[in-house]
2 protein chains.
Amino acid sequence: MLEAKLQEAGLLKKLLDAIKELVTDANFECNEEGINLQAMDNSHVALVSVLIQAAGFKRYRCDRPMPLGVNLGSLTKVLKCAKDDDICTLKAADEADLLNLVYEAKNSDRIAEYEMKLMDIDSDQLGIPETEYDARVTLPSNEFSRIVRDLSLLGESVRIEVSKEGVRFASEGEAANGSILLRQTEGSISGGKIVALSKDGEDDGEVKEEDDEEENEDDDEDEEGSKKKKKSKGKKEKKVKKEDGDEDEEMGDVDEDGEEEQDDESEDEEESNGKKRKKKASSSSKPAKKAKTSKSKKGDDDDDTSGVLIEMNQHVSLTFSLKYLVNFSKSGSLANKVQLMMSNDVPLLVAYEFDQGHIRYYLAPKIGDD
Amino acid sequence: MLEAKLQEAGLLKKLLDAIKELVTDANFECNEEGINLQAMDNSHVALVSVLIQAAGFKRYRCDRPMPLGVNLGSLTKVLKCAKDDDICTLKAADEADLLNLVYEAKNSDRIAEYEMKLMDIDSDQLGIPETEYDARVTLPSNEFSRIVRDLSLLGESVRIEVSKEGVRFASEGEAANGSILLRQTEGSISGGKIVALSKDGEDDGEVKEEDDEEENEDDDEDEEGSKKKKKSKGKKEKKVKKEDGDEDEEMGDVDEDGEEEQDDESEDEEESNGKKRKKKASSSSKPAKKAKTSKSKKGDDDDDTSGVLIEMNQHVSLTFSLKYLVNFSKSGSLANKVQLMMSNDVPLLVAYEFDQGHIRYYLAPKIGDD
DNA sequence: CGGCTAAGAC
DNA sequence: GTCTTAGCCG
């Protein structure tokens, strides 16, 4: 059975707000690491991956891995019945088709209890390879929101270009063209190894593990299917795949390598890139969180509250659909900072890291001129 | 070429908000005086005239008169990409079909640049004669907004009546009738010469000039007219001419005049009609702004922040469409005060004067009982 | 045509 | 955080 007590219902509410427009139904994969959700958006163009680490809960117990098939619209409604600062407990029995939600006001006698029907969802737990990127831009999440919102008024897509000059967001529209240039706040643009970092260093662990086992097979694609489903390779999976392709394995490698590398990095650069370093400690594929979560986060993403950090090993120039980026930017309420990770011709990773976990979006670039 | 740097993008944003529903496309007539826009509303019932004086800019250069044909919807979108306190620079090359807008955040590395397509617009730069009116009501702009908004809930039109009693706004509707009476805040209702005034005393130069000549005749109050006009009556021409003078000089004058005016004002107040007095000092036809803009404005329109000033030479009673008045009242965000100038059977002038210029609306009265 | 959901303003 | 308005779906 699952019993997970979250200090603030607000976290769940924000997460749902962030993804409910993108995805209608999804499996909340619960296991010892925590709760993970992975899904392609309804049109299979983007992929969203959410993690709430076990340590992010006030209390967490999950005897065995269980997928909870949730209609996000329903869950959103149920969550609207909670106040942001209510203590929220999720409970589900093994094999149950109900999710129990209990809201306790911190300082009151009020206890609200809801039970929501679960559904069986064909979950393609995709293997998201942890790639190394050519560039990462770390900026205040509200700045990112503003940029994509502004440019979305003008055109459909934005070209994001990272160069020594800084990062430029440019969009062309019928009535007007726009271009916004952000320069590195201070210091020079740095390189170093660029991989997605979570504060604890565990990031997509949940997904990974499963993948590892099944992935072995070598289908790139299977992984997704394999782990939980064995589903068909319906379209959904494919997109993801592109990237995954190799990635399954990469995932595994990543963790370990990643950590090591991180250490290395710290030494090299000014710590600016620095956020990564911290994680090493938590190398076991499991999430190490707890103690440092709050700190680590600060350390990582929030080190500089308002600055722009640009790390670049190679010039990148990619074009994306603004509609999706605007959607992703809703997650700004979850973290002060957002990381944009890019390599030419591979999907953009938009990552928001918060104390209890993260939400990451992957979006394939537009090709050609469209 | 044009290069105009505005301290606060917010001013332009407010202006566009105020007129974009009334007009879809319009020419921004740029010349040494500043930037002027004049247009009939889409149904040709109302006329709006906007002026941003050259001195209202942080920096202003316009080598030769040029009309910039702008789609207001497009400009509104582009302006939404600016923060209110961004420094906004407008640039256009001669004969260009693009308007360049640059937004610089005051304290950041952020620079956003937009280029908007211009269009050829058949501009009828109308000569708006500066008429002398029988009555002027000066009231807080939010009070005016409230009145027309309230009455618009009841009926389609409002009868505005200025008498010794004060000013009455009365509307009849199917469900209810309403009537709002505002009395002169203090002192008695005054007469005197009633013409549109801008804080600097330059106001609608473009329009007025024509009238001036006629006015010259000796009204005590002519001052306003006299000082600046002497222009020809051609519409476009006028504008240009007034000041072509030269900017440098203006600046000088401005400061000085401005200050003087303020002083004067304080004295005249009770003179009640007083608003005009101020201008005499600034007789040089130039706009006096800058240094004291903020102050001067206060002085003029805002002398009494919350009071109602009624000037009347003759009883007037006119009926107008509330729909338009509600629309006009959106400009309340630009100025604390609004002036309603009326004579029987001629269009109402609704004028908002702010530090950098003004926005004025003209609306023909309804005739008969409709 | 009405209801619901989402976005923007106060 | 709440309310209001606009856009989308049923």
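Just so it is clear: chains get the letters A, B, ... in the order the sequence lines come, proteins before strands, and each one is counted from 1. Predicted model only: the values in this text are computed from it and were never measured.
- Here dC10(C) presents its P atom at 11 Å from CG of Asp84(B), a figure rounded to the nearest Å.
- Here Lys83(A) lies out of heavy-atom contact (under 4.0 Å) with every strand.
- In this structure, of dA7(C), dG1(D), dG8(C), it is dA7(C) that holds the atom nearest to the side chain of Glu21(A).
- The side chain of Lys77(A) places no N or O atom within less than 4.0 Å of a non-bridging phosphate oxygen (OP1 or OP2) of dC4(C).
- Taking every heavy atom of both residues into account, Leu72(B) and Val23(B) meet most closely at CD1-O, 3.4 Å.
- The CG atom of Leu153(A) sits 15 Å away from the C1' atom of dA6(D) (whole-angstrom rounding).
- At whole-Å resolution of the value, CG in Asp150(A) and C1' in dG8(C) are 14 Å apart.
- Among the protein residues, Lys80(B) comes within range of no part of the nucleic acid, since none of its heavy atoms lies under 4.0 Å from any strand.
- The separation between Asp17(A) atom CG and dA6(C) atom P is 8 Å, rounded to whole Å.
- In this structure, the NZ atom of Lys323(A) is 12 Å from the P atom of dC8(D), given to the nearest Å.
- In this entry the distance linking CZ of Arg146(B) with P of dC10(C) reads 15 Å, nearest Å.
- Residue Asn327(A) contributes atom CG, which lies 13 Å from atom C1' of dA7(C) at whole-angstrom precision.
- No side-chain donor-acceptor contact under 3.5 Å links Tyr361(B) and Asn327(B).
- Smallest separation of non-hydrogen atoms from Val338(A) and Ser141(A): CG1-CA, 3.9 Å.
- Under 3.5 Å, the side chains of Tyr114(B) and Ser74(B) contain no donor-acceptor pair of N or O atoms.
- Distance Lys13(A) NZ to dG1(D) P: 8 Å, rounded to the nearest Å.
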